[in-house]
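Here the structure is laid out as structure tokens; the discussion comes afterwards.
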Amino acid sequence: GRRRSWRLMRRVRTTVAELRRAPYAEVADGRRVDRARQRLAAAPRSRDATRALYRALSRAGRAAEALRVLETWLAKEPRSREALTLLVDAAGRAGQERRALRALGSLVELGARSPRALRRAGRAWRLAGDEERACAFYVSLGEVSPTGRPMRLSAACRAGRRLPRLRSAG
């Protein structure tokens, strides 16, 4: 006899998802913004009310208005770390890279000994293509936390800064 061989086929299923905003979402977002505006009007100095309005505007996709709310918050409290952190994120999402970097620099100045802030600033400037500024933050990070990776980063930055001078001298 002849022998038959069977090959089992594996059944593959794929699911395609489409994400859309629900039709009622805009109405709900509008109501949330209105409530937040009323709450801020009732207590104009309230940090919670300002934060709620900013979040409501951000969720509703009104980036320009949300940035204006943060600007008024920073006008009232120029040294607010929370407002500066939100400004960094909002400006970055709005495509305002330089503004986000300036706000990040201000945030670092407020908490100059914070390794997390220094690392975030160094990475942001590096991604923006400004190695010199990034290295300054990494060197500061190495001074604040002299063990492990920050030390290697700051040493690499120092070596990178010396390299052009050594090439031009030789």
Point to revise | Exercise: identify the closest heavy-atom pair between A117 and V108 | key: O-CG2, 3.5 Å
Review point. So, do R126 and Y138 sit near enough that their side-chain heavy atoms are less than 4.5 Å apart?
Key: yes
Review point. Can you list the residues that meet the salt bridge (Lys or Arg N to Asp or Glu O under 4.0 Å) rule with R37, with sequence neighbours excluded?
Key: E65
Review point. Of the non-hydrogen atoms in L74 and L87, which two are nearest, and what is the gap between them?
Key: CD1-CD2, 3.6 Å
Practice item. Looking only at non-hydrogen atoms, find the nearest pair between A91 and L67 and report the distance. Key: N-CD2, 3.9 Å
Point to revise | Check: R120 and V88 side chains under 4.5 Å, non-hydrogen atoms | key: yes
Point to revise | Partners meeting salt bridge (Lys or Arg N to Asp or Glu O under 4.0 Å) with E97 (sequence neighbours left out) | key: none
Study note, to complete from the structure: On a heavy-atom basis, the closest approach of L101 and A128 is CD1-CB, 3.7 Å
Revision key, fill the gap. Residues V33 and A60: closest non-hydrogen pair is CG2-CB, 4.2 Å
Exercise for review: Side-chain contact test, heavy atoms from C-beta onward, threshold under 4.5 Å: evaluate it for W125 versus L104 and give yes or no.
Suggested key: no
Practice item. Might you point out which heavy atoms bring A41 and P44 nearest each other, and give the distance in Å? Key: O-CD, 3.8 Å
Review point. Charged N to carboxylate O below 4.0 Å: is that the case for R31 and D34?
Key: no
Check your understanding: Does W73 share a hydrophobic cluster with L110, counting links as ILVMFWY side-chain heavy atoms below 4.5 Å and allowing steps through other members?
Key -> yes
Practice item. Please collect all salt bridge (Lys or Arg N to Asp or Glu O under 4.0 Å) contacts where either partner lies in residues 43-55, sequence neighbours excluded, each pair once. Key: R47-E77, D48-R51, R51-E82
**Study point:** L141 CG to C135 SG distance, which is reported to the nearest 0.5 Å
**Key:** 12.0 Å
